[in-house]
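Read through the structure below, which is laid out as structure tokens, and then see the notes.
Quick note: residue numbers are just sequence positions, from 1.
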Amino acid sequence: MSAQIDSKRVSVPEIRAHKNAKPVVCLTCYHAHTAKLLDSHVDVMLVGDSLGMVIHGLETTLGVTLEMMILHGQAVMRGAKKALVVVDMPFGSYEESPQVAFRNAARLLAETGCQAVKLEGGSAMAETIAYLTTRGIPVMAHIGLTPQRIQIFGGFKTQGRTEAEWPAIEADAKAIAEAGAFAVVLEGMAEPLAAKITRDIAIPTIGIGASAECDGQILVMEDMLGLNPSPPKFVRQYASMGPDIEAAVKAYAAEVRSRSFPGKENVYAMKKAV
Ligand code: KIV
């Protein structure tokens, strides 16, 4: 049997090679059609478990299931032909043991065709990251503000705002890099700490609400497109699609109600009898 490897797609070693080089451009993505639009502009698409909040309207990411991640991962893979696609491991699918993590990560790779998985956690997840990577599953790590631990943090709170917090977070970064993660997301982290970690570890850091000095950046697509009415404070919006969608729907509804749609151009008009 010969494995089909798409040589045009961005690879895990190519992302690793961005360390101290050109910044890695990453965005979250959850659907096939947006994946097509993003594909030639980003290096990495993350099918993030943030989909629970921005697509499914959940309060947190804790209710996201492996089946939801597989469904959205399959959709994104139908649209993404060039970018590296990473799928998040949802809460409860990897923390119990490296073996459980392997079984669920293998499902994500086999059933979606994605290239890598992402999981949250530092030193406590190092053994699991080593277990997965030595068995063929590339892992992107995620430290700092890890939304799956929101109940422990007591809210979406920036990490490392006092220097007393730094040693534990730095130890997390070193542990996951040594365990074999190919990149790490630094989320909601005090700027000087994120910059220091970026200087100190050998794998690319991908910032979100962290530091411009990270080796790359990621945003939640719905936040940067203006589809989330209350995005995090650090988000820069590059479009205002929420108001645009509302204006378009309002115009359509007005035309339907005044019977001016469909108009004379009606494509469903009857054919003339011959
Ligand atoms: O789930 C997600 O979208 C993420 C990003 C915020 C990095 O983990």
Side-chain angles (χ1 to χ4, degrees), residues 25-65 67-83 85-88 90-91 112 114 118 142 145-148 150 155-158 185 187-188 206-210 212 216-269:
V25 182
C26 316
L27 266 180
T28 66
C29 189
Y30 317 107
H31 350 79
H33 298 302
T34 45
K36 246 186 206 165
L37 296 172
L38 264 53
D39 201 32
S40 52
H41 306 287
V42 304
D43 303 302
V44 175
M45 279 184 223
L46 169 69
V47 186
D49 64 350
S50 54
L51 64 82
M53 297 167 79
V54 299
I55 302 289
H56 294 271
L58 299 174
E59 288 280 308
T60 69
T61 57
L62 300 179
V64 175
T65 64
E67 282 63 35
M68 286 161 84
M69 298 311 301
I70 289 171
L71 201 65
H72 286 276
Q74 289 169 338
V76 169
M77 283 301 295
R78 284 183 205 114
K81 302 296 168 209
K82 182 193 136 278
V85 177
V86 181
V87 177
D88 252 343
F91 178 65
T112 69
C114 72
K118 178 167 81 55
H142 183 160
L145 195 180
T146 43
Q148 292 176 11
I150 186 159
F156 292 98
K157 292 187 180 144
T158 303
V185 170
E187 177 169 357
I206 312 293
I208 174 163
Q217 299 293 330
I218 186 162
L219 281 176
V220 170
M221 186 174 61
E222 267 67 2
D223 290 348
M224 62 88 79
L225 292 181
L227 277 165
N228 179 354
S230 43
K233 279 197 218 97
F234 62 82
V235 169
R236 187 173 298 164
Q237 291 190 351
Y238 293 82
S240 35
M241 286 188 65
D244 286 353
I245 290 175
E246 222 183 321
V249 174
K250 203 170 148 196
Y252 165 72
E255 289 200 353
V256 171
R257 290 198 179 105
S258 67
R259 295 197 186 280
S260 51
F261 173 84
K264 290 206 168 57
E265 71 282 8
N266 183 2
V267 290
Y268 303 112

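Looking only at distances, a side-chain donor or acceptor of Asp39 sits under 3.5 Å from a matching main-chain atom of Ala83. Put simply, the side chain of Lys36 never gets that close to the backbone of Gly79: no donor and acceptor are under 3.5 Å apart.
Summarising the geometry of Gln217 relative to Gly207, their closest heavy-atom pair is OE1-O, 3.0 Å, with the distance given to 0.1 Å. Nearest heavy-atom pair across Ile70 and Thr112 is O-CG2, 3.6 Å.
The closest side-chain heavy-atom distance from Glu187 to Thr146 is not below 4.5 Å. At a threshold of 4.5 Å between non-hydrogen side-chain atoms, the residues His41 and Val25 do not count as touching. Val47 is not listed as a side-chain neighbour of Asp88, based on a closest heavy-atom distance of 4.5 Å or more. Using a 4.5 Å cut-off on side-chain heavy atoms (C-beta onward), Tyr30 and Val54 make contact. Proximity of Met68 to Ile55: side-chain heavy atoms (C-beta onward) are nowhere separated by under 4.5 Å.
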Under 3.5 Å, side-chain donor or acceptor atoms of residues 243-252 against the rest of the protein: list the pairs with distances, not counting sequence neighbours.
none

Sequence neighbours left out, cut at 3.5 Å: what donor-acceptor pairs do the side chains of residues 220-236 make with other protein atoms?
| unit_1 | atom_1 | unit_2 | atom_2 | d |
| --- | --- | --- | --- | --- |
| Asp223 | OD1 | Asn228 | ND2 | 2.8 |
| Asn228 | OD1 | Ser230 | N | 3.0 |

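Environment of NE2 in His33: sparse, with no more than 12 heavy atoms of neighbouring residues, nucleotides or ligands closer than 6.0 Å.
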- Task: Could you give me the CA-CA distance, side-chain angles and deciding distance for Leu51 and His56, then say whether side chain to side chain contact (heavy atoms under 4.5 Å, CB included) is met?
- Result: CA-CA 6 Å; Leu51 64 82; His56 294 271; 3.6 Å; yes
- Message: Show, in sequence, the C-alpha distance, side-chain angles and deciding distance for Tyr238 and Leu219, and conclude whether the side chain to side chain contact (heavy atoms under 4.5 Å, CB included) test is met.
- Response: CA-CA 11 Å; Tyr238 293 82; Leu219 281 176; 4.3 Å; yes
- Report the C-alpha distance between Leu145 and Phe156 in whole Å, list the side-chain angles of each, state the deciding distance to 0.1 Å, and finish with yes or no for side chain to side chain contact (heavy atoms under 4.5 Å, CB included). CA-CA 7 Å; Leu145 195 180; Phe156 292 98; 4.0 Å; yes
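When the salt bridge (Lys or Arg N to Asp or Glu O under 4.0 Å) test is applied to Glu255, no partner is found at least two apart in sequence or on another chain.
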